[in-house]
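Data first, discussion second: the structure below is written as structure tokens.
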Amino acid sequence: MNEEYNPKQVEDKWRDFWREQGFFRAKTEAGGKKFYYLNMFPYPSGSLHVGHGRNYIIGDVVTRFFIMRGYNVLNPMGWDAFGLPAENAAIERGIHPRNWTIKNIAAAKEQFRSWGIEYDWDREITTCLPDYYAWTQWLFLKLYENDLAYKKEAAVNYCPVCDTVLANEQVVGGVCERCGTAPQRKTMKQWFFRITAYADRLVDDLDALTGWPENVKKMQKNWIGRSSGAEVLFRTEDGDEIVVFTTRPDTLWGATFMVLAPEHPLVDRVTTEEERAAVEDYRERAARASDIDRLSTEREKTGVFTGGYAINPASEEKIPIWIADYVLMAYGTGAIMAVPAHDERDFAFALQFGLPIIPVIEPSNGHAESFAAAGTMADGFGAALVADGISAAESAAGIRVSLEAGQIDRYIEIAREYLKPGRFTAVVGARFAVILEDGVYDLDSVRSDREILARLQQLDPALAGARTVMEVLAGIAEYEGFLFHSEYGTMVHSGRFSKVAGAEARAKVTEWLEETGKGRGAINYRLHDWLISRQRYWGAPIPIIYCERCGIVPVPEEDLPVLLPDVEFIGKMGLADIPGYAETICPRCNSPARRDTDTMDTFVDSSWYYLRFISPQEKERPFVVEDVNRWLPVDQYVGGVEHAILHLLYSRFITKALNDMGYLDFNEPFIRLFTQGMVCHTAYRCPEHGWIYPQQVEDGRCPHCGATLETANFSMSKSKRNVVAPAEIIDRYGADTERLYTLFMGPPDRDIEWSEEGVRGSFRFLNRVFTLVIAEAERVAAASERLNPDVLDRAGKDLWRRYHRTVRKVTEDIEGRFNFNTAVSAIMELVNELAKYVKEGGEDDALVREVIQGLILILSPFTPFFCEETWRRIGNTDAILDQQWPSFSAMALKEAMREIPVQINGKVRMRVNIPTTISSDSEALKAAVLAAESVCDRLAGKEIINVIAIPDKLVSIVVK
RNA sequence: GCGAAGGUGGCGGAAUUGGCAGACGCGCUAGCCUUAGGAGCUAGUGGGGAAUACCCGUGCGGGUUCGAGUCCCGCCCUUCGCACCA
């Protein structure tokens with residue numbers, strides 16, 4: 001009777017073995033090859049599910065692999081333990097957030113233990129403990145000393161539900177990232193970190209991060225949003241300056257109006273008495289409208305005229321100043337020059353409010369359109385165009401003309417010849433001109449716009465309501481799509497800059513702005529400084545004291561940490577609500593002073609934790625500079641893509657800042673980054689009763705009302721009630737099975753669906769391996785001969801080669817590609833072949849021993865309990881982690897014969913076995929294949945036109 | 001609208017550099033074993049077809065090539081990120 005695989009027994013036996021043996025303890029001082037592997041440390045909330053497990057299982061596999069490869073591996077774990085969820089959970093349960101957090105940490109550690117995931121626990125760090133946050137405060141002081149932390153009054157996003165301000169990055173899609181509430185705009189004095197000082201380096205250095213996923217780099221780039229252009233100085237009629245940012249200084253002559261954000265500080269000054277009521281009304285409505293409404297692209301443009309005017313510094317035209325909510329106070333200067341002919345938004349706004357639209361950039365293709373409504377032209381017009389090679393399409397509505405570059409002047413001549421008295425037509429595109437009986441009028445200035453419009457209205461009373469020429473043209477359907485463009489091209493109607501082309505135009509105009517003092521080249525960023533003040537209790541207190549005499553005084557380093565007051569937790573509160581907390585003595589002058597009562601954003605805690613792991617118990621300083629410089633950057637960082645912007649950008653910023661201060665000799669914290677996908681599972685939803693646990697579902701119906709449930713796949717989350725608890729899997733199949741399945745189910749960077757059947761497949765595989773190993777255990781333990789490849793029979797050679805191929809593949813898949821799924825399937829193939837060899841009476845004991853030993857070793861990072869057990873069963877007494885990772889030999893990989901597919905006219909028709917000595921040479925291979933019997937039969941009576949032979953791959957024959 | 005990733009059997013996925021499409025696993029089918037289990041073993045499993053012939057087949061339509069899942073052009077769909085960014 002064969003022994004059965006009993007995962008519980010096996011796992012209980014080895015659970016604490018690795019920790020007791022200290023395999024996962026990194027040696028800070030030791031030389032040799034180091035490898036710093038880091039998973040993003042978790043926020044300890046509630047219990048972990050199998051989806052969370054993915055991340056950490058990957059880490060454990062890689063760590064075990066590198067240990068066996070002889071590296072000094074550091075894989076630490078800690079807890080991002082400050083933050084709102086702890087506080088909110090504590091409020092709900094009426095307990096202190098510290099207790100809630102500590103309880104969760106204990107549960108998570110126990111979960112790791114049962115997963116067989118080991119860390120260097122001597123290095124555990126917890127951000128909410130004073131020995132950590134003292135150094136978070138130290139970081140604040142260093143930034144302050146270096147002018148990278150400052151306090152300013154600013155309009156901030158205040159979340160009324162979370163009762164605190166939010167960083168820009170924490171407002172996602174116009175709502176609070178955490179609770180989904182639309183934040184209020186509030187003006188408050190708050191602390192900021194000057195991340196914008198690093199904006200350029202944060203963008204530019206991305207290029208060197210070749211080990212980062214492209215999408216993450218792209219997201220950071222977009223987030224920083226660097227765009228270059230110019231700042232242009234406009235003056236109001238009263239002499240006030242309005243600065244605008246533009247990426248298109250070459251369109252300056254086409255700026256026919258200005259738009260200020262409703263919140264812009266100059267609005268009050270430019271508004272005239274007649275318009276004041278309307279402006280006030282609009283501003284109030286804009287303030288009330290949520291950001292979601294404002295951001296909707298679909299929405300029609302709104303705005304009002306202020307009554308004020310500015311002077312366009314290029315054309316010196318007097319242009320009206322409007323306010324509109326499509327201009328955002330938070331971007332650029334909160335004011336724009338509107339160039340309706342070359343900006344889609346300005347175009348829509350100008351058409352809607354009847355503001356003049358003057359084209360100043362010729363489209364690069366030189367194309368123009370014209371349309372002559374029926375009755376406009378004398379007979380023979382169409383024929384005359386065709387005679388001149390101009391393409392025209394005639395319909396009942398009229399003649400539509402499409403002009404290539406160079407045809408415009410000739411067309412205008414012909415059009416004037418045929419134009420009936422009292423009629424008009426126009427050209428749009430490369431040139432905007434209206435053709436009248438007495439001449440051709442170009443739309444080249446605001447004045448010409450008025451003059452042409454007046455003439456047109458004389459001719460056609462129906463146009464009386466039109467406010468601009470462009471509005472008239474926009475009324476003609478045939479011109480749609482030709483009235484506006486935002487390309488670069490040659491400048492026109494721009495004084496001395498007319499005819500300046502493309503890229504040169506921007507540079508020339510910028511130069512001119514600088515020379516004349518009307519502006520300057522400028523770079524603008526979407527990125528704002530990082531607002532770090534939070535009006536909550538559960539965070540690191542900001543180490544700042546306000547003294548009436550000395551002003552802002554940083555807490556002296558030796559007084560750190562500024563401890564969180566140890567009070568009984570009574571609910572929603574900030575430090576300001578705690579009696580006595582703020583009262584202190586000024587460290588400079590000893591007079592009574594007050595502490596800052598805000599705590600820091602928790603992203604500050606996590607922006608430097610990877611440094612602390614090197615010397616976590618250090619009492620005198622945050623980290624030991626020499627050790628940190630030896631161990632960092634992190635060789636491999638792994639975490640969820642949800643941190644692509646916030647955490648990763650902040651960490652990069654802090655690293656660069658500490659580098660500039662001389663603490664670090666590297667300026668990027670993470671060399672390689674991997675973002676794992678999420679684990680999804682079916683979720684059930686009743687239209688009436690919401691999310692339903694899968695266990696309660698019967699026949700796809702709601703247990704409460706019997707309604708048919710909607711099902712869909714979502715990433716596992718407690719709220720959707722679709723999580724799978726690790727205990728469910730581990731009790732039934734063991735942690736090894738969960739680990740194996742998690743790795744096998746798909747490529748780790750992609751989202752995948754958890755399937756109970758798939759889990760069973762992995763369990764079955766382990767059973768098969770177990771049975772096989774036990775059956776062969778005695779033979780393996782007794783085998784004493786050295787493996788001699790020369791004496792292997794055909795089957796033995798095949799297995800031997802397969803084994804070495806598998807070692808190579810698994811090694812490469814873990815080390816290079818992170819493709820654990822293909823590594824696992826390669827091991828499964830090896831097991832299949834081994835089982836076949838054994839079953840068919842394979843006799844070579846040394847081969848069986850080598851393959852089984854190697855199999856257990858390469859499987860061990862994936863299923864460590866299982867492998868430790870089977871390793872002992874085949875006669876070993878020392879631990880797997882003391883073994884070297886198996887190597888593969890080039891000799892073993894070499895085969896004697898190779899099956900070469902033969903294509904005839906592109907289709908594989910047969911396969912021929914060729915000795916590899918021949919198949920590796922193109923000519924020899926060609927000859928051998930053409931000589932092969934099966935090939936000859938096949939080709940009989942055909943004429944060979946071409947033969948292509950790819951060494952060791954295939955032969956392709958073309959016949960007629 | 002912009003950007004990125006993706007679309008391959010009934011399902012998860014493989015094919016790493018233009019070279020045998022569907023590895024491996026799930027599911028399914030048939031059989032064996034068995035006092036029956038969510039166990040094990042054997043064989044089969046992209047579609048059509050008696051076939052081991054042959055034809056078709058990697059979202060759709062073109063193209064390059066002896067040869068295309070892979071490269072090029074055009075489109076459709078899905079997911080994610082950004083979104084009035086001047």
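Source: prediction; values computed, not measured.
The ring of A:Phe820 has its center closer than 6.0 angstrom to the ring center of A:Phe818. Between A:Tyr733 and A:Tyr741, the gap from one ring centroid to the other reaches at least 6.0 Å.
Look at A:Arg345 and you won't find any side-chain N or O under 4.0 angstrom from OP1 or OP2 of B:G1. The side chain of A:Asn821 places an N or O atom within less than 4.0 Å of a non-bridging phosphate oxygen (OP1 or OP2) of B:A14.
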Practice prompt. Would you give a per-nucleotide map of nucleotides 24-32 of chain B, 5' to 3', where B means the base has a protein non-hydrogen atom under 4.0 Å away, S means only the sugar-phosphate does, and - means neither?
Written response: BSSS-----
Worksheet item: Could you write nucleotides 46-54 of chain B as a row of B, S and -, 5' to 3', where a protein heavy atom under 4.0 Å of any base atom gives B, of only sugar-phosphate atoms gives S, and otherwise -?
Response: --------S
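The minimum heavy-atom distance between A:Met678 and A:Ser715, with the atom names listed, is SD-CB, 3.7 Å.
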Worksheet item: Once Watson-Crick and G-U wobble pairs under 3.5 Å are found, how is RNA chain B written in dot-bracket notation, 5' to 3', with | for any base paired to another strand?
Response: (((((((..(((......[....)))((((((.......))))))(((.....)))..(((((..]....))))))))))))....
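Taking atom C1' in both B:G62 and B:U52, the straight-line distance is 36 Å, to the nearest Å. On the P atoms, B:G38 is 13 Å away from B:C28, given to the nearest whole Å. Taking atom C1' on both B:U8 and B:U58, the two are 4 Å apart, rounded to the nearest angstrom. Comparing the same atom, P, in B:C54 and in B:U64 gives a spacing of 27 Å after rounding to whole Å.
Between A:Ile752 atom CD1 and B:A5 atom P there is a gap of 21 Å when expressed in whole angstrom units. To the nearest angstrom, P of B:A83 lies 16 Å from CG of A:Asp325.
Residue-level contact check: A:Lys809 touches the bases, meaning some heavy atom is under 4.0 Å from a base atom. Within 4.0 Å of A:Glu756, counting heavy atoms only, lies at least one base atom of the nucleic acid. Heavy atoms of A:Arg732 sit under 4.0 angstrom from at least one base atom. Among the atoms of the strands shown, only primed sugar atoms or phosphate atoms (P, OP1, OP2) are found under 4.0 Å from some heavy atom of A:Asn215. Using a 4.0 Å heavy-atom cutoff across all strands shown, A:Tyr733 reaches at least one base atom of the nucleic acid.
Of all nucleotides listed (B:U16, B:G81, B:A86), B:G81 comes nearest to the side chain of A:Met219. Taking the side chain of A:Leu954 as heavy atoms from C-beta on, and the options B:A86, B:G19, B:G13, the nearest nucleotide is B:G19. Nearest to the side-chain atoms of A:Lys301 among the listed nucleotides B:C84, B:U42, B:C66 stands B:C84.
Using a 4.0 Å cut-off between charged side-chain N and carboxylate O, A:Glu756 and A:Arg732 make a salt bridge.
Between A:Tyr525 and A:Asp200, the side chains place a donor N or O and an acceptor N or O closer than 3.5 Å (distance only, hydrogens not considered).
Residue-to-nucleotide contacts include no donor-acceptor pair under 3.5 Å from the side chain of A:Lys839 to the base of B:U42.
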